[in-house]
Number of protein chains: 2
Amino acid sequence: MTRTSTLKEIAQKLNVSVSTVSRAVNNKEYVKEETRERVLKALEEYNYVPNEVARSLKKQSTRTIGVVVPDICETLFGTIIKGIDQVVSPHGYSIIVADTNESRKNEQKYLELLYQKRIDALVLATVDLNGRKVLQYLNSKIPVVFIDNIPKLKVPIESVTIDNAKASEVAVEYLVRHGHHRIAAIVGSIQETTGYERVAGYKRALISHGITVDDNLIRYGNYKENEGYLCMRELLDNRYQTSFTSVYIMSEMMTFGAIKAIRQYGLRIPEDLSVVGFDVHDKAGLVHPSITSIRQPEAMIGTRTGELLLERLAHMESGQTCERENERFLVEPYLEIGQSVWDVI
Amino acid sequence: MTRTSTLKEIAQKLNVSVSTVSRAVNNKEYVKEETRERVLKALEEYNYVPNEVARSLKKQSTRTIGVVVPDICETLFGTIIKGIDQVVSPHGYSIIVADTNESRKNEQKYLELLYQKRIDALVLATVDLNGRKVLQYLNSKIPVVFIDNIPKLKVPIESVTIDNAKASEVAVEYLVRHGHHRIAAIVGSIQETTGYERVAGYKRALISHGITVDDNLIRYGNYKENEGYLCMRELLDNRYQTSFTSVYIMSEMMTFGAIKAIRQYGLRIPEDLSVVGFDVHDKAGLVHPSITSIRQPEAMIGTRTGELLLERLAHMESGQTCERENERFLVEPYLEIGQSVWDVI
DNA sequence: GTGAAAGCGCTAACAC
DNA sequence: GTGTTAGCGCTTTCAC
């Protein structure tokens, strides 16, 4: 059972002062080369590992970044976390993750916990639209970056997300190019930016192609699979009146639900109905027919967030005050083309 | 820009001592009810949030658990992390994640970093079979739990994993019950417990069903998709000599690769060849035909690990020494039945 | 170049 | 019940 020793112990063994040892450990100047070597050797010998907790207390910085997400199992968030970690860990930062399980209450609890732990920065995929708890952070001086969803707060906010409106434009554009004019849509909650902006982009794209927006073709769900299923059923029930040839579903789980409804109606994809989904991952390449889907460059969202964090963190370290600006960093979504869209002749 | 205040500041404002405030904050006894209320009110007013860093330094415990995994994007690890978090966060513990990206070097780097941060416990899905760096932890007094893979170390080790041999038995059993006697196998690295135990279970199951083990039916890969593909091709190339009717592939990515090879040979699953995979997830239910696969109860591995951690942590707190025992906690794998296995008549 | 000492914010032993 | 004080392990200023 080895024990890690402290600066003080090392200093005593060598008959030097703690400050000398500290300087050697931290590669500071003003240490005679000979002394430095003696110290470095002793560090090995006595199994010294710097205590980051003590350092944190002294420096008022924990080199720790809190990342709060609704569901770490979603590839989207897993990949983002990985991207952040890749960028920040070489700089000595670690990531504390919190999985809120889509619960506002958990989100608040975790925000509080992380605040106590004095994280140096926060990345938040909030499910709390009017998030009051996060104001504590926004009023403090640590960097906060929102991802995925942006809360409705009357304060400057920084975010890294895809351009949600653009995503819908890309989807509609693709369908139109394949001859579709009657394009149904299943939207998530328009309370959230992810829902609101996507539907706005959809409408705008239709209009710019000279297609009239038909509210009978739009259904609103809550991102859950079952809602996607139900929305799709409603759409299909009215199919003879509305005669749409394609459907664009604006979230992953709702896409799955919608496809189930389509199959249940005995319709074939894409022969009977064309489908464009959102965030559909098919790592295995086993889905058949493969689903044409809007995708987020997740890794890039992660690395971009990481870089932004480092930038802000460095800025802070150089003693700047934390002037928050309202900055939305947008990354480009893209269309992953599968076999779920059929040409309308 | 609000600032969080300190115990000392609160104490001064109220003309009481820091210890009184501390006692009130921590709900300790020996505080007059009236004083407690005054303090509690002041905490609100002056925006006091306990500084966990200072607490950690004093208590020599950070209430932080390090979780080191090769790839956080894999559903397996994502779900395990979520499970751990669910169990430990109500006890005030947070999780620091480290994604080693399957690299031994990164693993070592992260272990060092986390050691400096003085994590209270470590969960490790190692890729470093002879992991020397982890010995630092094993020689220290903090709990260490291995998941997924177990390194070859000559010290007592605790782990939470599925029963890998059992997994193979379940797979083989199922195939035999469906009339298969010539069952090919694609194995990961037998250097790793996940490979070694799975192939051992496969052989044992065959024997217990009176089937001779045929080494021509076994191929060894390295868990990567492409190796699964290549192994499957080799097997198929010899199909007329070996005449197997089914194949059991012992890892997720290799399963994907193998299926691609099978399709490339123009064979249908399951009509021409039956397939049992490992760790195949189909959240969307979109894969067709659905793949019968061994599955790990991931969430349970997570929660079991979390509980084990709490147990050990509580044990420590009550001042016990950390006697390590060699304990493998096994959870039961299960077979998720799809449509990829055909009856041999 | 080196050392002494203050102090980061807190807990806990001890004194009153 | 409450206050005083000594540290937890480190960095950093200032004196030598």
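Protein chains get the first letters and strands the later ones, always in sequence-line order, with residue 1 at the start of each. Values reported hereafter were calculated over all heavy atoms of this structure, with side chains retained and with hydrogens, waters and symmetry mates removed.
Here B:Thr20 reaches the OP1 or OP2 of D:dG3: one of its side-chain N or O atoms lies under 4.0 Å away. Note on A:Tyr48: a side-chain N or O is less than 4.0 Å away from OP1 or OP2 of D:dC10.
Residue-level contact check: A:Val53 touches neither bases nor backbone, having no heavy atom under 4.0 Å from any strand. A:Lys58 comes within 4.0 angstrom of a nucleotide base, judged by non-hydrogen atoms across all strands. Here B:Thr35 lies in heavy-atom contact (under 4.0 Å) with sugar-phosphate atoms only.
Checked by distance alone, A:Ser19 brings no side-chain donor or acceptor within 3.5 Å of a matching partner on the base of D:dT11.
For A:Leu7 and B:Asn15, each mapped to the nucleotide of DNA chain D holding its nearest heavy atom, the one lying further toward the 5' end belongs to B:Asn15. Nearer the 5' end of DNA chain D, as judged by each residue's closest nucleotide, is the contact made by B:Glu33, out of A:Ser22 and B:Glu33.
For the pair B:Lys8 NZ and D:dG3 P, the computed distance is 16 Å after rounding to whole Å. Computed from coordinates, the A:Gln60 CD to C:dG7 C1' distance equals 10 Å when rounded to whole Å.
Note that the OG1 atom of B:Thr194 and the CG atom of B:Asn149 stand 4.5 Å from one another [nearest 0.5 Å]. Between the NZ atom in A:Lys59 and the CG atom in A:Leu57 there is a gap of 12.5 Å [rounded to 0.5 Å].
Residue A:Asn26 places its side chain closer to D:dT11 than to any other of D:dT11, D:dG9, C:dT2. Among D:dT2, C:dG3, D:dT12, the nucleotide with an atom closest to any side-chain atom of A:Val16 is C:dG3.
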Start with the C-alpha gap between B:Ser94 and A:Lys117, add the side-chain angles, then the distance that decides, and say whether side-chain contact (heavy atoms from CB on, under 4.5 Å) holds. CA-CA 9 Å; B:Ser94 310; A:Lys117 299 230 166 170; 3.2 Å; yes

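A heavy-atom distance below 4.5 Å is not found between the side chains of A:Ser5 and A:Lys13.
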